[in-house]
There are 2 protein chains.
Amino acid sequence: MRDVADAAGVGVMTVSRVINGAVGVRPSTAERVREAITRLGYQLNHAASTLRRRNHGSMVIALLVDDIANPFYAALAGAVEEEARGHGFTVLFGSAKEDRLRERELVAAFTAHRVDGLIAVPTDTEMWRDALTGVAVVFVDRPANGLPVDAVLVDGRTAAARGVRHLLEHGHSRIGYLGDLASIWTARQRLQGYRDAMGEAFDPELVRQGLRDAASAEQAAVELLGSARPPTALFAANDLITIGAVRAVAACGEGTAVVGFDDIVLADRLSPPLTVLAQDPVEIGTTAARLLFARLDGDDSPSREVLLPATLVVRGSGESRPG
Amino acid sequence: MRDVADAAGVGVMTVSRVINGAVGVRPSTAERVREAITRLGYQLNHAASTLRRRNHGSMVIALLVDDIANPFYAALAGAVEEEARGHGFTVLFGSAKEDRLRERELVAAFTAHRVDGLIAVPTDTEMWRDALTGVAVVFVDRPANGLPVDAVLVDGRTAAARGVRHLLEHGHSRIGYLGDLASIWTARQRLQGYRDAMGEAFDPELVRQGLRDAASAEQAAVELLGSARPPTALFAANDLITIGAVRAVAACGEGTAVVGFDDIVLADRLSPPLTVLAQDPVEIGTTAARLLFARLDGDDSPSREVLLPATLVVRGSGESRPG
DNA sequence: CTGAAAGCGCTAACAA
DNA sequence: TTGTTAGCGCTTTCAG
């Protein structure tokens, strides 16, 4: 910056002003400075400007998801990036992979980098109590749990109940449930929805939890379908589990009805086409980012909770009758 | 930091040493400092330490892809993150969306943040000539084009030719080609592979390019299938295009063979199961990150180009005969 | 083993 | 409209 100032025959302050959208700099001077900048290939040092700035704002937000490789979170990340871009922010990301230590490390790294905001799928809500100083936080997919934090949630309980009822209405009474770890809030919500809908017919024998990927879901489904009194329908509580369930049904449960949570690419081209409860990751991400930037723009109203729906998309796999 | 030092009754320098993996600090002193750190909830300011450090290393790398929402890039991002984590680095990301201006802005933002390294799917190779100072760069999916930069590529030409030959071997001679923008290197490579395999039988009437999403690909495929002399097989040059092709074939091209570039989730459960040329995004990402960190660790050998294969996965849609 | 002083590149506050 | 001075929070250097 010193070099640029010398080259343009001005003081560093003038250069700084030009870089930061010059107000009160004579156009001719500004032009000279800009010329020197390009000629010398000068690049602002963001770390230094952040350091001295009043609010220490880094113009960076962080996105903490369970796993960026999951298409659901990837779509969410795309939406967040788009919103951030509109505000001139850059985005850091990290995948906690449902590992509390890893989550802690990522949050520590993000705060060390002095991100202005944080959009997170929290695992360890307790930990967050300490992380809430000086940074705006919006939770996604898990509730604030008493913390003064905005949250964007999907009504998985209602949606799951809706999906299970859909199966009941098509004559099924033995409906298997395939779910993720019970430690995950969304997983508990969806299981609760399943119980709501099953009512008296609820049978713990038909419930399999702790399924973290398609392979383990497939195995659990195969076991369920191979049992003495197999279910005539399966409810799969997320996208990965749905993939496993579809494979299992194809392998050894011909005719078994399936309803999955989360939409899947080409779900309409499977046979039978897959009936799902579709969440909208783009809407979730956009909403979360908007809440975050509202906070960064000074909104200090009490923390809000936005509840988004998941919609039943009827395609075929959930409408076959038992037998 | 001052506060921590006072609280522990030591100088700031000692605190700094403790934070940076204390060498030469008495254990008892270190313990006292650590206690003060947790008690005061102190968090290192990364911007400040970066500023004063010898190499100005920020311990951040950036990942610039076409679109993070695309599962292919999402998987790649996951692999890059994993590798970065092993080295204690955090990852910034951005999607250029095949927009040169946007790419330029993102690179400017990344360099302003003084990232130590950059993994990028470059659009505007020229622009990169200027961006190469002080930051290690690895290209993915597009060649270095004379620039002194490592690149991780997939041999799309050979793979595409292999896929098209597969169709030829199953009796097809009129094979439609559905591709992305001709401005994209991988798209040109794949088209070239198609031409290689078609040889004399190449017919420009059967080629559709510039397809940027599943919808436009579907439309192009429908047109092709509805023409006077429709193709009996389609070669779809990426995942999004394959999705469109599958839809079009289902809608109005029953029996048309399909080979797609890129694997798709549950491709094996489509009817017919989808034959594809599968790239491995995780391997691509891991390889790129390893190259980058090798550079950051001081490797200054001449720039390398790693060529990865795409493998033909035979499942059914590419083996139906014309009829 | 520990601390004091200097200064990284920039912007806030003021002075000219 | 422009320049000068101070100092952001940390690490380097060097002295104890």
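Computed from a predicted structure; not experimentally measured. Residue numbers begin at 1 in each chain, while the letters A, B, ... track the order of the sequences. No hydrogens, no waters, no symmetry mates; every other heavy atom, side chains included, goes into these values.
Ranked by how close their nearest DNA chain C nucleotide is to the 5' end, B:G9 and A:R2 are led by B:G9. When each of B:A48 and B:A30 is assigned the nucleotide of DNA chain C with its nearest heavy atom, B:A30 is the one assigned upstream, toward the 5' end.
In this model, the phosphate group of C:dT11 is approached by a side-chain N or O of A:N20 to a distance below 4.0 Å at OP1 or OP2. Taking only side-chain nitrogens and oxygens, B:S16 comes nearer than 4.0 Å to OP1 or OP2 of D:dT11. At the phosphate of D:dT2, neither OP1 nor OP2 sits under 4.0 Å from any side-chain N or O atom of A:T14. OP1 and OP2 of D:dC8 both lie 4.0 Å or more from every side-chain N or O belonging to A:T50.
Taking only distance into account, the side chain of B:R114 never meets the base of C:dG9 through a donor-acceptor pair shorter than 3.5 Å.
The pair A:R34-A:E31 meets the salt-bridge criterion, since a charged nitrogen lies less than 4.0 angstrom from a carboxylate oxygen. Salt-bridge annotation for B:E81 and A:R102: present, with a side-chain N of the basic residue lying under 4.0 Å from a carboxylate O of the acidic one. By the 4.0 Å N-to-carboxylate-O rule, B:D180 lies too far from B:R188 to be salt-bridged with it. Here B:D299 pairs with B:R304 in a salt bridge; the nearest charged N to carboxylate O distance falls below 4.0 Å. Residues A:K97 and A:E105 are not paired through a salt bridge, judged by the lack of any N-O separation under 4.0 Å between the basic side chain and the carboxylate.
Put simply, CG on A:D6 is 16 Å from P on D:dT2, counting in whole angstrom units. Look at CZ on A:R26: it is 14 Å from C1' on D:dG3, rounded to the nearest Å. Going from atom CD1 of B:I37 over to atom C1' of D:dC10 covers 13 Å, rounded to whole Å. The CG atom of A:N45 sits 13 Å away from the C1' atom of C:dT11 (whole-angstrom rounding). The CZ atom of A:R17 sits 11 Å away from the P atom of C:dT11 (whole-angstrom rounding). Here D:dG9 presents its C1' atom at 13 Å from NE2 of B:H46, a figure rounded to the nearest Å. Atom pair B:L40:CG and D:dG9:C1' shows a separation of 15 Å (rounding to whole Å applied). For the pair B:R53 CZ and C:dG7 C1', the computed distance is 16 Å after rounding to whole Å.
For A:L44, the side-chain atoms get nearest to C:dT11 when compared with the rest of C:dG9, C:dT11, D:dT11. Taking only side-chain atoms of A:M1, from C-beta outward, the nucleotide of D:dG9, D:dC14, C:dT11 with the closest atom is C:dT11. When each of D:dT2, D:dC10, C:dT2 is scored by its nearest atom to the side-chain atoms of B:S49, the top-ranked nucleotide is D:dC10. For A:R52, the side-chain atoms get nearest to D:dC8 when compared with the rest of D:dT2, D:dC8, C:dT2. With distances taken from any side-chain atom of B:M13 to the nucleotides D:dC10, D:dT13, C:dT11, the minimum falls on D:dT13. Picking from D:dG3, C:dT11, C:dG9 the nucleotide with the shortest atom distance to the side chain of A:L51 gives C:dG9.
Of all non-hydrogen atoms in A:R53 and A:N20, the two that sit nearest each other are NH2-OD1, 3.6 Å.
Using a 4.0 Å heavy-atom cutoff across all strands shown, A:V10 reaches sugar-phosphate atoms only and no base atom.
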